[in-house]
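Shown next, in structure tokens, is the structure this report addresses.
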Amino acid sequence: MAKSNVSVDIKDTLNKLTIEDLNLKGKRVFIRADFNVPINENFIITDDSRIRSTLPTINYAIDEGAKVILASHLGRPKGKVDPKYSLAPVAKRLQRLLNKEVIFVEDCVGPMVQNTVAKMKEGDVLLLENLRFHPGEEKNDEEFAKALSSLADYFVNDAFGAAHRSHASTTGITKYLPSAAGFLLKKEIEYLKGVVNNPVRPFVAILGGAKVSGKIGVLENLAAKVDKVIVGGGMAYTFLKAKGYEVGDSLVEPDMIDLAKRIMETLKKNNVKFYLPVDSVISEKAEQFAETKIVPNQEIPKGWKALDIGPASVKLFTLAIENAKTIIWNGPMGMFEIDAFSRGTFAIARAVADAYALTIVGGGDTDFAVHRAGVSDSISFISTGGGASLELLEGKELPGIASLTDKK
Ligand code: AMP
């Protein structure tokens, strides 16, 4: 299976300090985590995977004898205190996961927080209240960043999901403290940058999701690096339209048709093999119990829309990834939230998991699909960041990474 059999030589991917470069004993370390987890109306966390993915960094800091100060955002409280977005439930869950007391304070700056930090002992863990209760966080306000930095001796960024944002707790704070990457941040960069720039070939990219416009940057950047590109999901129909197909009422972005043509030309010039679906599951309505048909893409009638790739496309895509040594997948193959249009996405999830390759899945929907297909354990790496992982795949420099202290 994909997980354990492939090793990749990743060179020079992160020329920044990492947590292992810091001497943490007795020091106060401010760890920016991404605890932006789903919480229901009874304040129960319904998926704690983001908390779990930062545990290696937190446990390492505890073991090294640091005083561990954790901070995160949760939701969009827009600079005001809103109990709905309190991190208190995260403190409770973290306490259980660490099997250790987690001190929780109802603010993230100010004298009360300073006093609590002053009383901390080596190995203690403190969680601050939601950073976004202060308007200075998202504005990257200098005074707010300074106030955060005054709590600690070191800054460690492990919040990959927020690394594409320039906020006080992701970039502002780095002006005042030696700043290093945590284990999660490092791993995300190793896979999404290191593997992508030094892949074992054949290297295959599978892209899906609603729109071409959302994935253009990724397509353009990967076009120069991969051996094959597979496009499914809603975005495929703009490409099919560009090739002269009539696609009924399927999702098409008319203003992207020329760009789709240009991308196909670039792929051809770069000798990249390009795969589009050959058949689709179509319906007149995007509803679970609406009538559906499976048709070749030449036969999508007016009034009907393609909402999933069909079985022949699953076969084609599965064949195309069979000899892959590296696969990156971002975006579902259909409207998989509705069972009737989920088969294509789940079949591709299984095909990716079965491939004898290093497999990387980009956050959000695709992560969810891989879990629902029950194959997440067979994927080499699942990114925790939606927007941040897309920006890294576009080849952009993320401010939360660029602002960390350079390694000498
Ligand atoms: P994205 O955020 O761009 O990755 O898009 C994910 C969304 O694309 C999901 O909510 C899917 O329901 C939607 N999607 C995938 N395939 C199709 C399709 N053929 N028609 C309409 N929406 C689709």
Side-chain angles (χ1 to χ4, degrees), residues 38 161 164 192 205-222 229-243 245-256 259-260 263 275-288 290 292-297 299-314 317 328-349 352 360-373 382-394:
H164 58 318
L192 295 172
I206 308 171
L207 295 174
K211 292 184 172 175
V212 180
S213 47
K215 302 270 157 68
I216 285 232
V218 178
L219 257 169
E220 284 177 337
N221 187 40
L222 290 183
V229 170
I230 295 171
V231 168
M235 60 190 280
Y237 300 90
T238 298
F239 281 96
L240 287 167
K241 186 88 185 170
K243 283 170 86 88
Y245 284 66
E246 287 309 321
V247 293
D249 285 9
S250 305
L251 190 63
V252 167
E253 292 170 279
D255 52 340
M256 289 287 138
L259 195 76
I263 288 172
Y275 303 81
L276 284 168
V278 290
D279 63 344
S280 299
V281 180
I282 61 169
S283 180
E284 287 170 303
K285 290 187 204 131
E287 289 170 8
Q288 167 66 354
T292 60
K293 292 182 196 171
I294 295 168
V295 295
N297 283 337
E299 298 174 26
I300 304 174
K302 280 208 176 83
W304 291 66
K305 40 186 157 251
L307 294 167
D308 192 10
I309 59 171
S313 309
V314 168
F317 293 176
I328 184 145
W329 178 23
N330 192 308
M333 297 289 102
M335 213 178 236
F336 78 111
E337 300 92 335
I338 301 175
D339 279 348
F341 312 111
S342 65
R343 282 208 180 88
T345 299
F346 294 146
I348 295 305
V352 170
I360 305 172
V361 163
D365 284 326
T366 325
D367 173 6
F368 183 66
V370 159
H371 277 91
R372 274 213 38 211
I382 301 175
S383 175
T384 57
S389 69
L390 282 179
E391 288 197 22
L392 256 196
L393 291 178
E394 286 169 12

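Both ligands and their constituent atoms are indexed starting at 1 by order of listing.
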Can you pull every nitrogen or oxygen pair between ligand 1 and the protein closer than 3.5 angstrom?
from     : atom 1 : to   : atom 2 : distance (Å)
ligand 1 : 3 (O)  : A210 : N      : 3.3
ligand 1 : 4 (O)  : K215 : NZ     : 3.0
ligand 1 : 5 (O)  : A210 : N      : 3.0
ligand 1 : 8 (O)  : A210 : N      : 3.1
ligand 1 : 10 (O) : E337 : OE2    : 2.4
ligand 1 : 12 (O) : E337 : OE1    : 2.7
ligand 1 : 12 (O) : E337 : OE2    : 3.2
ligand 1 : 16 (N) : G234 : N      : 3.0
ligand 1 : 19 (N) : G234 : N      : 3.4
ligand 1 : 19 (N) : A306 : O      : 3.0

Open item on the list: Show every side chain to side chain donor-acceptor pair (under 3.5 Å) that has at least one partner inside residues 275-287, sequence neighbours left out.
Closed with: Y237-S280, D279-S313, S280-N297

Open item on the list: Test your reading of the model: is there a side-chain donor-acceptor pair from Q288 to the backbone of A340, 3.5 Å cut-off?
Closed with: yes

Open item on the list: If we ignore hydrogens and angles and just use 3.5 Å, is the side chain of T238 paired with the main-chain N or O of E253 as donor and acceptor?
Closed with: yes

- [ ] Could you tell me whether a side-chain N or O of D308 sits under 3.5 Å from a main-chain N or O of G344, the two making a donor and an acceptor?
- [x] yes

Open item on the list: Test your reading of the model: is there a side-chain donor-acceptor pair from K215 to the backbone of G208, 3.5 Å cut-off?
Closed with: yes

TODO: Give a yes or no on whether the backbone of A306 and the side-chain of W304 come within a donor-acceptor separation of less than 3.5 Å.
DONE: no

